[in-house]
2 protein chains.
Amino acid sequence: MTDKIESFVMHCGEMGSRWGFNRTVGQMYGLLVISKEPLSAVQISEALNISRGNVSMGIKELQSWRLVQVQHKPKDRKEYYSPAGSIWEMAIRVFEERRKREVDPTLSLLRDNLLNEPANEEEQYAQVKMHEIHELLETITHWASELQSMSPDKLNTLMKLGAGVSKVIDIKDKLLKSN
Amino acid sequence: MTDKIESFVMHCGEMGSRWGFNRTVGQMYGLLVISKEPLSAVQISEALNISRGNVSMGIKELQSWRLVQVQHKPKDRKEYYSPAGSIWEMAIRVFEERRKREVDPTLSLLRDNLLNEPANEEEQYAQVKMHEIHELLETITHWASELQSMSPDKLNTLMKLGAGVSKVIDIKDKLLKSN
DNA sequence: TTAAACTTTCAGAAAATACTGAAACCTCAG
DNA sequence: CTGAGGTTTCAGTATTTTCTGAAAGTTTAA
C-alpha cells in the first residue's frame, strides 16, 4: 500500500465510527473502495494487520449495510470482496441504512406514545413536543424516500439547481394561480 | 417523571450514540426538550441518576452542538438549561454539525490527496475513486447548505412537493426551450 | 476580603466495545 | 466418506469510552 492509499484507508478508519460502524470496518470499506481488484479475506487481514476473524465480522457488518459484494474466481474456493454498486449507490445506501437505524425506531416510539392521552399537564406539554418531532421526522423521511426514488440523473439536476428550486416553485405557483 | 416521559428520555439515550453523542448526553437532551421549564444541573443529575460532573460535561457537549441555552432566574445563582431553538432548528443544527464532523474532514483529506500526481497504476485507480467521492460529497454539501439558507417555510413546501419537484423542473425546462 | 453557592476539571474506576485466535463449522474434489 | 481449504463463531482479553467524585476554579453578596 502506498502512502497516499494508506492515508485514505486510515482516514476511513478514523471516520468509521462517525459514519455508523467501527474503525476496522471503516478501514475495510475504504480499502475495498480504492482497490481495483476484489480482495480475499486474507488479503484484507494482511493489508490492515487485523485477525482473520475480525475480517469475517467486518464483512458481515458491511453486508448488513449492503455495501459489499462477494465474488468468486474460477479454480479458487476463496471468496473475494468488492464494494457493491457505484459511489452514488454507496451514498444512497448509507443514507438509507442510517435512516433505518437512527430515525425509524424513534418514529415508532413516538407513534406509540402519541396514542395515549396525556395524564397531566407535564405529559400534555411532552406530547405537544413529541408531536412536533414526529411530524418533522415524518416529513423528512417521506421526502428522503421520494428523492431516492428519483433517477440519479434527475437528482443531480435538482441538486445542481440548489436554492434555485425555490424560484422554480414560485414560477409554478404563479402558473397555477393564473389558470 | 411519568412512564411516558421516561420512555422518551431513555429512548433518546439509546439513540444518542447513533445521533453522534453518547447515552447520557442523549438522555439529557431528551429531558430538556420535553420539559416545559428550564432545568438546573442538579435537577438533571437527579432526574437521570448521574453525577453532577457528568452533567457538566454533557452540557458542554450539547453546547458544542449549539443545542442548549443557558438561562438565569432572578435571585438565583444557578444556571438553568433549555433546548436552543425550535424543533426545526434543532434538526438543522444536528445536520450541520454532523456534516462538519463526518464530511468536512474527508473532503479536506481528499482535496489534499488529489493534489499529487498518482505514482503508479494502483494510485491511478485510487485517485479516480477519490475524485468520484470528492465530487459527490461536494455536490451534496453544497446542496445542503443551499437548502439550509432557504426559509423553513419554503423548505417545507419543497419537501411536501416530494418527487413532484422533478415535474416542476421539467416544466421549467420546457418554458426555457420555448423562449 | 471572605466565604457561600455554584461550575468545571480530571485522575482513576467502571462499563462498553472491539479484537484475537483457536475451535467448530461448512463444502467440495478425489 | 474424508480431509484440505476455506469461513464463522465466540469466550476471553485488550482497548476505548464514559462516569464518578473530590479538588480546583469562579462569581458575587455582604
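Order of the sequence lines fixes the chain letters, A, B, ..., with proteins taken first and strands second; residue numbering starts at 1 for each chain. Any value given below was found using the heavy atoms of this structure, including those in side chains, with hydrogens, waters and symmetry copies removed.
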J.: Please figure out whether Arg52(A) or Ser17(A) has its closest DNA chain D nucleotide nearer the 5' end.
T.: Arg52(A)
J.: What integer distance in Å separates Ile44(A):CD1 from dT20(C):C1'?
T.: 17 Å
J.: Let's see if you can work this out: which of dT8(D), dC28(C), dC10(D) has an atom nearest to the side-chain heavy atoms of Arg77(A)?
T.: dC28(C)
J.: Taking the side chain of Asn22(A) as heavy atoms from C-beta outward, which of dC19(C), dT9(C), dC19(D) is closest to it?
T.: dC19(C)
J.: Identify which nucleotide among dA16(C), dG21(C), dA18(C) has an atom closest to any side-chain atom of Ser51(A), counting heavy atoms from C-beta outward.
T.: dG21(C)
J.: Kindly check if the number of other-residue, nucleotide or ligand heavy atoms within 6.0 Å of NE2 (His72(B)) is above 12?
T.: yes
J.: Classify the ring geometry between Trp19(B) and Phe21(B) as parallel (under 30°), tilted (30 to 60°) or perpendicular (over 60°).
T.: perpendicular
J.: Using atom CE of Met28(B) as one end and atom C1' of dT18(D) as the other, report the distance to the nearest whole Å.
T.: 14 Å
J.: Quickly work out the Leu48(B) CG to dC19(D) P distance and round it to whole Å.
T.: 11 Å
J.: Has Gln127(A) got a side-chain atom pairing as donor or acceptor with Asn113(A)'s backbone, closer than 3.5 angstrom?
T.: yes
J.: For Leu39(B) and dT7(C), what is the distance between atoms CG and P respectively, to the nearest whole Å?
T.: 13 Å
J.: Expressed in angstrom and rounded to an integer, what is the separation of Leu62(A) atom CG from dT8(D) atom P?
T.: 13 Å
J.: Of the options dT8(C), dT20(C), dT9(D), whose atoms approach the side-chain atoms of Lys60(A) most closely?
T.: dT9(D)
J.: Between dT8(C), dT8(D), dA16(C), spot the one nearest the side chain of Arg23(B), thanks.
T.: dA16(C)
J.: Want to settle it: does Met57(A) or Asn49(B) sit nearer the 5' end of DNA chain D, counting the closest nucleotide to each?
T.: Met57(A)
J.: Mind checking whether Met130(A) and Ile133(A) have side chains closer than 4.5 Å, heavy atoms only?
T.: no
J.: Between Gln43(B) (CD) and dC6(C) (C1'), how many Å, whole number?
T.: 14 Å
J.: Rounding to an integer number of Å, can you tell me how far His72(A) NE2 sits from dC28(C) C1'?
T.: 13 Å
J.: How far does CD1 of Ile50(B) sit from CE of Met57(B), to the nearest 0.5 angstrom?
T.: 9.0 Å
J.: Take atom CD1 of Ile50(B) and atom P of dA14(C), then tell me their distance rounded to the nearest Å.
T.: 18 Å
J.: Between dT8(D), dT7(C), dT20(D), which one does the side chain of Asn54(B) approach most closely?
T.: dT20(D)
J.: From the list dT7(D), dT16(D), dT7(C), which nucleotide is the closest neighbour of the side chain of Tyr81(A)?
T.: dT7(D)
